[in-house]
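So the structure is just underneath, and the comments pick up after that.
Numbers here are sequence positions counted from 1. As the structure is a prediction and not an experimental result, all values here were calculated from the model.
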Amino acid sequence: MDLIANPDSPHSNNSGGSSPNGSPRHLSASSSATATGAGAASSASPPSLSRYESQKRRDWNTFGQYLRNHRPPLSLSQCSSAHVLEFLRYLDQFGKTKIHTHVCPFFGHPNPPSPCPCPLRQAWGSLDALIGRLRAAYEENGGKPESNPFGTRAIRLYLREVREVQSKARGISYEKKKRKKPQQNQHHPPPPPAAA
């Protein structure tokens with residue numbers, strides 16, 4: 001099982017802004033409508049994806065690019081939870097969340113009063129959401145749920161560790177908010193029928 005080519009991917013070979021014969025693919029809205037005819041114009045545009053679906057597609061394409069750039073390149077069937085962990089650690093270099101070290105005077109403070117040299121990392125919530133999207137995309141692209149490298153125990157443990165470390169370092173609680181239980185209607189017997 002390999003990655004399924006996605007024609008909408010920014011990483012695919014046919015997305016360079018020109019058609020295979022080298023002519024530009026960019027047409028204005030008016031010229032594309034006249035070229036395709038008024039009735040076919042509505043069927044020519046792909047359905048717009050939800051924000052979640054668009055992000056899931058971008059994440060899947062990014063992970064696929066990571067596998068192709070890996071040395072040696074990996075197919076999806078060769079991918080294990082170790083490769084997913086490697087990918088998550090690779091993403092840390094692009095993080096924007098300050099994670100204070102133990103020696104930092106702001107360790108455990110949610111709003112430090114001044115800058116510090118502590119590293120920037122991916123926030124736990126971002127990693128958790130990313131794994132959720134990749135886990136779904138894996139199965140949508142032909143992967144079997146029982147072999148999903150994004151749903152393994154190692155990934156869950158890694159995310160738990162990141163959450164705990166970041167919670168302590170940033171002084172922020174990541175506890176789940178407790179939902180209010182809906183009040184159950186007291187079970188009243190139905191009123192007696194009206195006498196006629």
Practice item. Apply side chain to side chain contact (heavy atoms under 4.5 Å, CB included) to the pair R170 and T97, showing each step before the final yes or no. Key: CA-CA 9 Å; R170 298 177 65 209; T97 302; 3.5 Å; yes

Exercise for review: Decide yes or no on side chain to side chain contact (heavy atoms under 4.5 Å, CB included) for L120 and K96, but give the supporting numbers first.
Suggested key: CA-CA 5 Å; L120 295 174; K96 297 176 184 162; 5.6 Å; no

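V162 and F107 fall into different hydrophobic clusters, where Ile, Leu, Val, Met, Phe, Trp and Tyr side chains are chained together by heavy-atom contacts under 4.5 Å. Side-chain heavy atoms closer than 4.5 Å link hydrophobic residues (I, L, V, M, F, W, Y) into clusters, and following such links, possibly through other members, connects L76 to L134. The hydrophobic clustering, which links ILVMFWY residues whose side-chain heavy atoms are closer than 4.5 Å, places Y66 and L130 together. Hydrophobic clustering (side-chain heavy atoms under 4.5 Å, transitive across Ile, Leu, Val, Met, Phe, Trp, Tyr) groups F94 together with L88.
Not a single donor-acceptor pair under 3.5 Å links the side chain of R68 to the backbone N or O of P73. Put simply, the side chain of Q93 gets close to the backbone of Y90: a donor and an acceptor are under 3.5 Å apart. Judged purely by atom type and a 3.5 angstrom limit, H70 uses its side chain to pair as donor or acceptor with the backbone of P72.
For the pair N148/E139, a side-chain contact is recorded, criterion being any heavy-atom separation below 4.5 Å from C-beta on. Residues V84 and T152 are not in side-chain contact: their nearest non-hydrogen atoms beyond the backbone lie 4.5 Å or more apart. Inter-residue side-chain proximity for P119 and T101 is flagged as met; some heavy-atom pair is nearer than 4.5 Å. T62 places a side-chain heavy atom less than 4.5 Å from the side chain of F87. Annotation: side chain of V165 is not in contact with side chain of W124 (no heavy-atom distance under 4.5 Å). Residues F63 and C79 have side chains in contact (heavy-atom distance under 4.5 Å, counting atoms from C-beta outward).
Residues P115 and F106 come closest through the heavy atom pair O-CE1, 4.0 Å. A pairwise comparison of heavy atoms in W60 and A137 identifies CE3-CB, 3.6 Å as the closest pair. Taking all atoms of both residues into account, the shortest heavy-atom contact from G108 to P110 is O-CD, 3.6 Å. Counting all heavy atoms, side chain and backbone alike, G132 lies closest to Y52 at O-OH, 4.4 Å.
For the atom pair R156 CZ and E161 CD, the distance stands at 15.0 Å (nearest 0.5 Å). Taking CD1 of I99 as the reference point, atom CD of Q122 lies at 10.0 Å (rounded to 0.5 Å). Note: L91 CG to L127 CG = 7.0 Å, rounded to the nearest 0.5 Å.
A search for salt bridge (charged side-chain N to carboxylate O under 4.0 Å, His left out) contacts involving K98 returns nothing, not counting sequence neighbours. Taking S80 as the reference, H83 meet the side-chain hydrogen bond (donor to acceptor under 3.5 Å, both in side chains) condition, with sequence neighbours excluded.
Here salt bridge (Lys or Arg N to Asp or Glu O under 4.0 Å) pairs that include residues 118-137, with residues two or more places apart or in two chains, are D59-R133.
A side chain to side chain donor-acceptor pair (under 3.5 Å) with Q55 is found for one member of R57, R58, E53 and no other, namely R58.
Here R89 does not pair with E86 in a salt bridge; the nearest charged N to carboxylate O distance is not below 4.0 Å.
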